[in-house]
Each structure stands twice: as structure tokens, then as C-alpha cells.
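To find a chain, count down the sequence lines: A is the first, B the second, and so on, and within it residues start at 1.
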Amino acid sequence: MADEPKEQQPSPVPAGDKPASSPAATPPAKPAAAAPPAATPPKPAAPVPPKAPVQLQTPLNNELVGRVRAKFGTALVEAIEDRKQAILTVECGKLAEVSQYLRDEEKFDLLSDLTAVDWPKREKRFDVVLNLYSFAKNERLRVKARAGDGEQVPSVAGVWPTANWLEREAFDMFGIVFAGHPNLTRILLPDEWQGYPLRKDYDIIEQDTSWVKENMGIESGQ
Amino acid sequence: MEFVKQYWAPLVCGLVIVGVLPLIVGYVVLVERKIMADMQARLGPMRVGPHGLLQPIADAVKLLIKEDIIPEDADKLVFWLAPVLSVAAALLAIAGLAIGPAFQIAKDVNIGILFVVGVSAMGIFGIVLGGWASNSHYSLIGALRSSAQLVSYETAAGMAMVCGLLFAGTLNITSIVQAQYDQGIWFGLLAPVAFFVYLVASIAETNRAPFDLPEAESELVAGYMTEFSGFRWSLYFLAEYTNMIVVASVATTLFLGGWLRPFPKTTWLSFIDFLPPLLMISVGVYCLIRTPKQPARVQQLFMLAVAGLCFAVALVLAAPVLLRTPYVNPSLAAAAKPFYEGIHGGFWFVFKVSAYIYFFMWLRFTLPRYRFDQLMRLGWHFLIPLSIINVLLIGIAMIAGQYFHLAGWSLLLTTIPASIIALIVALFILATEQKSEPQKAGGAAPDSYA
Amino acid sequence: MATDTTTDPRDKQQTLLGADELILNMGPQHPSTHGVLRVKLKLDGERVIGSECMIGYLHRGVEKIAEHRTYQQFAPYVDRMDYVAAVSNGLGYCEAIEKLLMVEAPPRAKVIRTILTELQRIASHLLWLGTHALDIGALTPLFYCFREREEILKIFEKYCGARLTTHAFRIGGLQYEAYDTLEKDVESFCKAFEPRIKDYEDLLTQNRIWLGRTKGVGILKAEDAIAMGATGPVLRASGVKWDIRKAMPYAAYDQYKFEIPVGTTGDTYDRYLVRMEEMRQSRLICLQAIENIPTGPIMAKVGKVLKPPPGEVYHSIEAPKGELGYYVISDGTVQPYRVRIRPPSFVNLQAFDKMARGHLVADVVAIIGTLDIVLGEVDR
């Protein structure tokens with residue numbers, strides 16, 4: 001947990017400057033435990049003018065985006081490109097249909113990864129992220145869907161059976177319920193565990209103490 | 001008392017064997033571990049005693065002082081009885097074997113070979129009861145599988161032995177070897193296919209790799225030995241290695257000429273008699289050469305002692321041979337004959353049994369394991385037809401030999417073609433059976449063994 | 001060997017069990033599951049009619065830890081996932097962060113990275129071969145494979161001080177310069193390795209028992225493999241010729257000529273052949289690479305404190321086990337916002353159920369072995 005205190009200063013500046021995407025990525029003062037002892041404020045040699053933050057996410061408008069937009073209209077919420085990787089954001093309810101279309105028509109037949117990200121400050125806090133790959137076109141694509149807490153996300157396990165365990169892991173770590181999943185149970189954590197560890201409000205040393213007490217017979221796993 | 005007076009010698013021998021055999025088996029295990037290590041580019045046990053020579057003692061002590069765990073609902077009497085049955089059967093079979101013309105505990109049993117094979121088959125009871133007594137249905141299934149394997153390969157082994165017995169004409173062990181001496185040729189050379197079938201069947205008989213699925217570590221089903229720990233397990237272990245020795249001895253007696261040297265009757269090859277002492281001398285010389293290279297003084301002394309022992313054994317081996325040479329007084333030669341037969345016979349017998357067991361070990365470390373259904377298929381679809389056809393054809397060859405007055409080495413003229421035809425027919429049967437069997441996904445086979 | 005053979009009444013309620021089904025539990029402690037993997041098999045007599053893999057025994061919360069470490073601090077954690085092939089994990093992570101930072105490692109660093117990664121691929125496949133052969137019953141190849149692996153680990157030790165969890169690479173390049181005899185060591189290893197591969201093949205490839213145990217066992221057809229997301233040798237043995245080193249080259253792979261072995265039927269024997277050939281190809285890459293290591297700096301100009309511009313990146317490499325992917329989101333601070341690791345073994349293990357159905361219980365061990373999973377990676 002090294003050197004945050006020095007870098008807390010330029011917070012207000014980046015906040016206003018990020019149109020297209022995500023999050024309240026203002027570097028919050030990390031409330032996490034193990035806050036290092038308040039370091040002495042750095043002695044600025046000379047006041048450094050805050051640099052304009054590098055904006056690497058640009059809107060994307062290629063043929064693929066055009067076709068998807070033509071077929072799904074407003075379900076395609078946004079299409080951007082970040083560091084030469086294409087990212088489509090779709091409406092949560094239409095995720096399964098868009099996936100089916102992408103697999104069948106656009107030939108993205110390999111689901112490399114399905115995961116989720118938690119942006120607690122946002123209204124729809126979860127981002128379900130699918131990383132796709134097409135063998136025929138040798139191309140990668142990222143598809144995102146925003147889901148709120150408690151909102152059910154349609155499962156894509158029917159489109160790519162790979163998603164079976166990947167969605168179980170997303171459910172296990174984030175608590176996102178995938179509608180239509182054949183067996184949505186916890187996969188990495190014990191079945192009776194309470195809590196969803198990868199959410200941002202789950203502390204790093206937090207644990208399901210009642211499970212630990214009951215099953216391991218000890219006070220705390222720490 | 002009469003009984004003791006008459007049979008004191010075999011009784012003493014029997015007691016000595018029961019006492020000494022565990023030690024011998026322990027050293028066979030050490031030899032196996034050393035050979036395994038050699039084939040795997042490592043050294044094996046080196047720590048306990050010089051070059052690990054005290055390892056078997058350490059293992060025996062460890063096994064004896066282990067806690068005796070009995071599963072809760074196990075049948076206690078049967079749990080006690082099962083390993084005892086295995087060991088008893090194996091040790092009893094040793095009694096019937098002959099290491100030399102004079103070294104036999106059960107002397108002149110006229111059903112010699114049948115006795116040995118039958119008694120060692122009783123060991124199967126020990127396996128089944130062991131699986132039963134473990135109170136675990138997977139142990140039981142493992143035990144049943146193991147016994148199914150043993151019984152199937154027993155048939156093939158039996159038919160192979162019948163081949164050898166056709167040449168010998170008798171079941172008496174000493175007479176079988178005597179017949180090989182009279183005919184001047186080992187029966188294994190006369191009937192190589194029978195020897196091959198017996199070799200493979202005996203590997204399966206003793207649950208050795210590649211037929212050791214019922215007791216392999218990485219398989220799911222627990223073998224029959226799982227619930228036995230400490231001394232009980234060591235009894236099973238002892239039974240397994242004793243069975244190996246028994247099976248090797250039977251093969252040696254029947255196919256490899258027992259205690260006869262190679263080419264026993266050809267006098268112009270009598271210089272082979274000098275091979276045993278030469279072998280021991282060369283081992284001794286090797287020890288002498290390695291002595292200065294030993295790092296510590298005590299190790300040098302040890303090597304010198306080993307060399308000395310080799311030379312002493314060489315002397316003992318050479319003496320009867322030297323006395324039998326033409327340059328010596330004939331009466332001395334006659335007096336030396338029993339010594340020659342006994343000592344050299346013992347040497348050759350032990351040498352052949354060791355070579356057979358070395359081959360077992362070699363196979364264990366080289367080949368992967370057969371799956372159970374493949375194992376059963378090999379036994380029933382290949383070995384049994386092969387051995388039965390072989391018996392028929394060898395019988396025909398013998399009759400042809402009698403008709404043409406062939407005997408001894410010249411009998412090869414008929415038996416070799418018979419063996420080749422048998423092999424071809426059996427391979428043909430195997431090939432057609434494999435072609436007709438539909439290739440189901442997963443190499444599926446009907447549950448012929450469950 | 002602890003196999004729990006009692007049937008848990010809860011099992012009967014959860015799944016559709018007929019009266020004739022048996023549940024056999026290959027418990028988390030088992031000599032052949034290559035880690036703490038629990039497999040529940042539903043058996044009909046001897047045949048597997050269904051299976052369930054229960055993982056998570058080695059879950060250490062690596063992704064959560066990543067959010068509380070800086071980018072450089074997190075790098076050693078990555079080695080501990082696939083602990084058999086730590087160098088590959090490190091390569092993937094460093095390259096992902098370099099993509100995030102929009103920097104590129106200098107050519108010299110790329111070539112040395114390639115050499116070490118290919119050596120690591122050989123080491124990983126050697127371990128796989130030894131343990132797989134051991135499970136099937138061949139006791140000896142294990143020791144031969146470990147003898148070769150020892151040579152590679154010695155090279156790693158000379159390079160970065162560690163044999164197993166190496167942390168060999170840094171974000172932006174390398175920390176350590178190639179030690180003076182690196183090229184000579186790699187060359188002598190490669191020269192000695194070719195006859196050794198031949199040794200293994202002599203022992204196993206044409207062995208009737210090996211063929212009987214691996215041919216036709218655990219077949220995974222190409223469409224199933226793609227649908228289940230299997231990557232790496234599992235996918236290639238099913239007939240799909242795809243290797244990230246050729247499709248989307250990273251490090252210095254575009255400079256070298258090598259083949260991608262492909263199988264036909266997707267059974268265990270094909271996966272064995274594919275991995276053996278991959279070892280040969282890795283050896284060729286190493287030989288090509290050491291002939292011409294460019295001179296120059298080994299570290300790009302990255303600051304001591306890494307604060308990538310906000311955004312995200314997904315970068316994957318061809319690890320020995322399959323496609324190892326890193327999805328990293330940065331929010332402009334020194335600590336990543338989210339690090340997601342796409343573990344090849346996790347996704348490959350999903351295919352286990354499909355591969356094991358219809359086989360005998362004795363084949364299950366062979367199938368687990370052929371998938372080449374490392375539980376550290378499956379569970380993270």
C-alpha cells in the first residue's frame with residue numbers, strides 16, 4: 001500500500017474530463033484499512049501545473065458497429081475504442097440476443113472471458129463484460145452490459161457453453177443473478193458463504209465469520 | 001517321535017524357511033528399489049546402512065511397531081485370517097519347490113508341480129476375504145477384480161504348463177528336471193510359446209505391473225489391501241513377493257531347466273561349468289577396483305569384505321568343477337558329484353529365478369498399466385486360445401517326433417513350426433475379434449468383469 | 001489415499017438420480033487430481049454417466065488483492081497462480097500493463113522474455129508428461145522429465161534467483177540483464193534435449209499399452225471445444241489450428257519460424273502428441289532466438305510510480321495450458337481498479353464433464369491428466 005498520500009492532490013481535475021465512459025474513477029482517498037500512517041505532505045519543489053489527463057477512449061464507428069446499430073438500434077448504448085480494442089456497451093435486457101447475433105452472424109464463436117466489474121458510485125453498479133474472439137476474422141471484441149444491484153442479467157450460457165462456469169463465478173464474486181442459467185450456484189466459495197467478495201464495499205479482510213466459526217471451528221480465518 | 005525322527009530334516013528346513021524368507025523377501029524388495037532407481041536415473045535407498053543395505057530391517061521394524069487399525073464394522077476374525085491365508089499359501093508352495101536335486105522340503109511328491117500351483121492358488125482366498133473383511137464396498141470390488149484376474153490367468157498359465165509337462169511326462173519336480181537333463185534341452189526352448197504364455201500369465205498372477213490395476217495407487221477403486229496397515233499389510237506384501245518367487249521357480253523348473261546349466265548334456269560345452277566361478281571372480285575384481293575410489297576408510301574396508309566374500313564363493317563354486325576335470329583322480333570326481341550338483345545346481349537355479357524376477361521388475365518400471373477390461377480381454381481373447389492351440393499342436397508335434405524318432409534337440413524340428421502356427425492362429429483370432437467389435441466411444445467394453 | 005465412499009443424502013436430492021446410480025467422490029486429497037480438485041462421479045456400474053467438478057479449495061482471492069496493491073506489487077502474486085509455469089503468467093501480466101501504459105518493452109527484453117517463456121513451456125509440458133504417465137502407470141518417465149526440468153530450473157535460478165515462482169519480468173522490460181552464460185546454457189540444454197524427447201517417445205508413443213489407455217479416451221470434438229472455450233493444446237488436438245503466438249503475436253514471436261501442431265480426433269493420445277511436438281517447437285524457437293539477441297536497453301522508460309491513464313485492456317498470451325488473459329481496468333491511480341485473470345485451466349476444466357461421460361472409472365484419471373490443469377490457476 002505504498003505511496004498514495006503524495007498523489008491525492010490533483011483529484012478534482014480528471015473528474016470533469018471523461019465524457020464517454022465509466023466511472024467515478026476519481027481516485028478516492030482509499031478508505032481501505034491499513035492506511036499508511038499519515039505521511040508528511042510532500043514538500044513541493046515548485047508547484048507543478050496539473051497535466052491534462054490522457055484520454056484514450058474514443059468513440060468507435062466501424063462497419064461492425066454500423067451493422068449492430070442497424071440491427072439493434074438503441075440497445076447498443078455506446079461503442080468506443082480503448083487502446084485499439086473495440087468495446088460495445090449494450091442494454092442489459094438485450095444481452096442474450098446481441099450475443100446470439102454476434103456469434104451467428106458476426107462469427108465471434110469463442111467466448112474468451114466473462115466477468116463483471118463493480119462501480120459502486122454509479123446507479124447501475126455492475127458491468128458485465130464479455131471478451132469475444134472470432135477465429136474467422138482474427139478479431140477481438142468486448143461487450144459490456146450495465147446491470148443494477150438486484151437486476152437480473154440474461155445468461156449467455158445458451159449461446160456459448162463456456163459461460164456456464166464464468167457466470168457462476170461472476171455470481172459468486174459479485175452477486176449478479178443470471179436469468180436462465182442452468183445451475184447458478186457458488187463455484188469458488190463454499191455454498192453457504194454469505195457476501196460477495198469482489199464488490200467494492202466488501203473489505204479486503206472481511207469474511208463470513210459465521211461460516212468460518214461453524215465449519216472450521218475457529219474464531220476467525222485471519 | 002517316529003515322525004520327528006524321520007522328518008526332522010524337512011521340519012527344520014521348513015522352520016528355517018519361514019524364519020528366513022521374510023528377510024530374503026525384504027532384500028528382494030531392496031533390490032527392486034535399487035533397480036527401479038537405476039532405471040529412473042537416481043540412486044535408491046542410500047541412507048540406512050551402506051548403500052541402503054539395512055533398509056529392509058528398518059522397514060520391517062517400522063511395520064511391526066505401527067498401530068494396528070481395524071475398521072469399525074469389520075469382521076474381526078476374517079480380518080485377521082485373510083493375510084494369514086495369503087502368506088500360508090505362498091509359504092506352503094515354497095515347500096514343494098526344489099532348488100537342487102537334494103534341496104526339497106516336500107521330497108518326491110509325485111504330484112509336485114500340481115501341488116505347488118494348487119496351493120499357491122489358495123492365496124486367492126486371502127485376497128477375497130481381505131476385501132470382504134474391510135467393510136468397504138470398493139475394497140470388495142477391488143478384491144473381486146483381483147481374484148477374477150488371477151483366476152483367468154491361472155487358466156492360461158495352466159495350459160502353458162501342460163505343454164511343458166507333455167515333454168516331461170511326469171508331475172514330479174525332480175523328475176521334470178531330470179527329463180530335461182535326459183533330453184539335453186530345456187523345455188522352454190522346445191516350447192517357446194508356452195514359455196511366453198506362462199511368463200505373461202505369471203505377471204498377472206502376482207498382480208505385478210502392467211497388470212496391477214487392482215492395487216495401483218492412482219486409481220479410484222481402493223485395492224483389497226487398503227484397510228490393512230502395519231504387520232497385516234506386511235504379510236500381504238510378503239505373500240506377493242513370495243508368490244513371485246514361487247512363480248519364477250515353477251517357470252524355471254518347467255521351462256528353464258531347473259538347476260541344470262545351459263546345454264546340460266553336451267560335454268564339449270562343459271567349460272560353461274566354469275562360468276559361475278568366473279562370474280563371482282569378476283564381481284570380486286570389480287569390487288577390488290572400486291575400493292580405492294571409496295571416499296571413506298570404512299567404505300573401503302566394506303568393499304574389500306564384499307570382494308573377499310565373492311572370492312570365497314567363487315572358490316566354493318570352482319572346487320567341485322575342478323575336481324571333476326579329467327586330470328583328477330576319478331574317485332574324487334565321483335565324491336565331488338553331489339557337491340557339484342548341489343552347489344552348482346543351487347547357483348544356476350537361483351540365477352535363473354533372479355533373472356526371471358529381474359524381468360518382472362524391468363517390465364514394472366517400463367510399461368504403463370492396463371485398464372481392467374483390456375487386461376481381461378488380453379487374458380481371455382488372446383492368451384487362453386493361444387495356450388490351448390499350442391497344447392494341441394505341441395502334442396501333434398510330439399507324436400510326429402516319436403514317429404520320426406526325434407528326441408532332444410532334434411525335436412525342435414517339429415515343435416518350432418508347431419509353435420509358430422499356434423502363434424499365427426491366435427493372432428489371427430485376436431485380429432478378427434477386434435475388427436468385429438464395434439469401436440464405441442471411449443473404447444467401451446461390455447461389463448465382462450464387474 | 002483418502003477416497004470418501006459414503007453417499008451423502010443431500011446429493012440424492014440435488015440432482016436427478018435414478019435408483020441405480022452410485023456417486024463416487026474423488027476427494028480433494030487424491031494422488032492424481034493434480035491439486036485440490038474434488039470430482040463427484042455419477043456411475044452406472046463402472047461407467048461414468050455424469051460428473052461434477054467442485055473447485056475453490058485453493059481460492060486465495062487474488063483478484064481482490066490486486067485492487068489493493070500497486071501494479072508492481074501485484075506482479076509476484078501472478079506467479080502463484082499457475083505455479084508450474086510462473087514465467088508465462090508474469091509475461092502476460094507485464095505485457096498487459098505495458099499495453100495499458102502504452103509502452104513497449106525494448107527489443108532485447110522481448111527476445112530474452114521469449115527465450116525464458118519458451119523454456120518455461122518446455123518445463124511445464126515436461127511436468128505434465130511425467131505426471132500424466134505416472135497416473136497411467138508408467139513409473140519411469142516422471143524421473144526422466146524431472147531431470148530435464150532440473151536443467152531449465154537451473155537456468156532460471158541463475159537468471160533471476162528463483163526456480164519456481166520466478167517474477168522474472170518487470171513492467172516495461174526486464175530487471176536483470178541476461179547473465180553471461182545464458183546463451184551457452186540454453187544452447188547446451190536445447191542440444192541435449194532432442195535425444196531426450198526421442199527417449200520419451202520411444203517409451204510411450206508406440207507402446208501398445210499406452211495406446212490402449214489413451215486412444216479414444218476423452219474425445220473432445222472441435223465444435224465442442226470451441227463452444228466450451230477450451231484453448232491451448234486441448235483445442236489444437238481437436239483440430240483447430242489456433243495459437244495466439246501466431247494469430248496475435250506478442251513478445252518476439254513474429255520473428256521466429258515455428259509450426260503449430262494440430263491433432264485430428266481430440267482424444268488423449270492426440271493431446272499427448274500435440275504437447276510433445278510443442279516441446280520440439282519451443283526448442284526450435286529457443287535455438288533461433290539465442291542466435292541473435294539484439295543489444296540495447298532492457299527496460300523501457302517507465303516511471304517508478306506507475307499510474308496508467310484511465311481505461312482498460314484485455315491482453316492474452318499462449319500460456320502452456322491455454323489462453324491466459326488479463327483484463328485490467330485502471331482508474332488513473334497507482335492501484336488497478338480491477339484485475340481479472342482469465343485462467344486457461346478453469347475454462348478447460350469445464351470440458352471435463354463432456355469428455356468423461358461414457359468412459360470407465362479408470363479413464364477419469366487419464367482425462368484429468370490430459371487436461372493439464374493446475375488448481376492454483378483454476379481457483380486463483
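In the displayed structure, Lys137(A) atom NZ is contacted under 6.0 Å by more than 12 heavy atoms of other residues, nucleotides or ligands.
Taking each heavy atom of Leu110(A) and Ile226(C) in turn, the nearest pair found is CD1-O, 3.7 Å. Of all the heavy atoms in Met228(C) and Thr162(A), the pair that sits closest is C-OG1, 3.1 Å. The two atoms that bring Ala227(C) and Pro161(A) nearest to each other are O-CD, 3.3 Å, heavy atoms only. For Leu166(A) against Arg340(C), the heavy-atom pair with the smallest separation is CD2-NH2, 3.3 Å. When all heavy atoms of Arg338(C) and Ala116(A) are compared, the closest pair comes out as NE-O, 2.8 Å.
For Ile329(C), the part sitting under 4.5 Å from any heavy atom of chain A is the side chain, from C-beta outward, and nothing else. Contacts of Asn164(A) with chain C are made by both backbone and side-chain atoms, with heavy-atom separations under 4.5 Å. There is no contact between Ile341(C) and chain A, counting heavy-atom distances below 4.5 Å. Only the side chain of Leu235(C) has a heavy atom closer than 4.5 Å to any heavy atom of chain A. Only the side chain of Val240(C) comes within contact range of chain A, with at least one heavy atom under 4.5 Å from a heavy atom of that chain. Of the atoms belonging to Asn138(A), it is side-chain heavy atoms, and not backbone ones, that fall under 4.5 Å from chain C. Within the 4.5 angstrom heavy-atom criterion, only side-chain atoms of Val129(A), from C-beta onward, approach chain C. Arg199(A) touches chain C through its backbone: at least one of N, CA, C or O sits under 4.5 Å from a heavy atom, while the side chain does not. With a threshold of 4.5 angstrom between heavy atoms, Val347(C) approaches chain A through side-chain atoms but not through N, CA, C or O. Proximity to chain A involves both the backbone and the side chain of Gln350(C), based on heavy atoms less than 4.5 angstrom apart. Of the two parts of Arg142(A), only the side chain, counted from C-beta on, holds a non-hydrogen atom closer than 4.5 Å to a non-hydrogen atom of chain C. Residue contact with chain C, scored on non-hydrogen atoms closer than 4.5 Å, involves the backbone of Asp118(A) exclusively. Within the 4.5 angstrom heavy-atom criterion, only side-chain atoms of Tyr327(C), from C-beta onward, approach chain A.
For Gln85(A) (side chain) and Tyr314(C) (main-chain N/O), a donor-acceptor pair under 3.5 Å exists by modelled atom type.
Ion pairing between a basic and an acidic side chain is recognised when a charged N comes within 4.0 Å of a carboxylate O; Arg83(A) and Glu312(C) show no such pairing. Ion pairing of Glu169(A) with Arg342(C) is absent here, as no side-chain N (NZ or NE/NH1/NH2) approaches a carboxylate O to less than 4.0 Å.
Taking CG of Leu324(C) as the reference point, atom OG of Ser112(A) lies at 11.5 Å (rounded to 0.5 Å).
Looking only at side-chain heavy atoms (C-beta outward), Glu206(A) and Lys64(C) stay at 4.5 Å or farther from each other. You'll find the side chain of Glu67(C) reaches within 4.5 Å of the side chain of Leu198(A), heavy atoms only. Asp82(A) is not listed as a side-chain neighbour of Val313(C), based on a closest heavy-atom distance of 4.5 Å or more. Side-chain atoms of Lys99(C) and Lys84(A), non-hydrogen and from C-beta on, never get closer than 4.5 Å to each other. Ile187(A) is listed as a side-chain neighbour of Phe346(C), based on a closest heavy-atom distance under 4.5 Å. A 4.5 Å side-chain heavy-atom check between Glu223(C) and Asp109(A) finds every atom pair outside the cut-off. Put simply, the side chain of Arg140(A) reaches to within 4.5 Å of the side chain of Ser316(C), judged on heavy atoms. Between Met173(A) and Glu63(C), the closest side-chain pair of non-hydrogen atoms is not below 4.5 Å.
Applying the salt bridge (Lys or Arg N to Asp or Glu O under 4.0 Å) test to pairs two or more places apart or on separate chains, none has a residue in residues 225-234 of chain C.
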Quick one: do His59(C) and Leu189(A) satisfy side-chain contact (heavy atoms from CB on, under 4.5 Å)? Show the steps, please. CA-CA 7 Å; His59(C) 178 64; Leu189(A) 293 172; 3.8 Å; yes

Start with the C-alpha distance between Val117(A) and Tyr337(C), add both sets of side-chain angles, then the distance that settles side-chain contact (heavy atoms from CB on, under 4.5 Å), and finish with yes or no. CA-CA 9 Å; Val117(A) 191; Tyr337(C) 190 78; 4.0 Å; yes

Using side-chain contact (heavy atoms from CB on, under 4.5 Å), reason through Tyr133(A) and Trp242(C) one step at a time and then give a plain yes or no. CA-CA 12 Å; Tyr133(A) 176 77; Trp242(C) 184 63; 2.8 Å; yes

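Figure legend: Lys241(C) and Phe135(A) shown without cation-pi pairing, the cationic atom not lying both under 6.0 angstrom from the six-membered ring centre and within 45 degrees of its axis.
Residues that satisfy the ring pair (Phe, Tyr, Trp, His ring centres under 6.0 Å) test with Phe171(A), not counting sequence neighbours, are absent from this structure.
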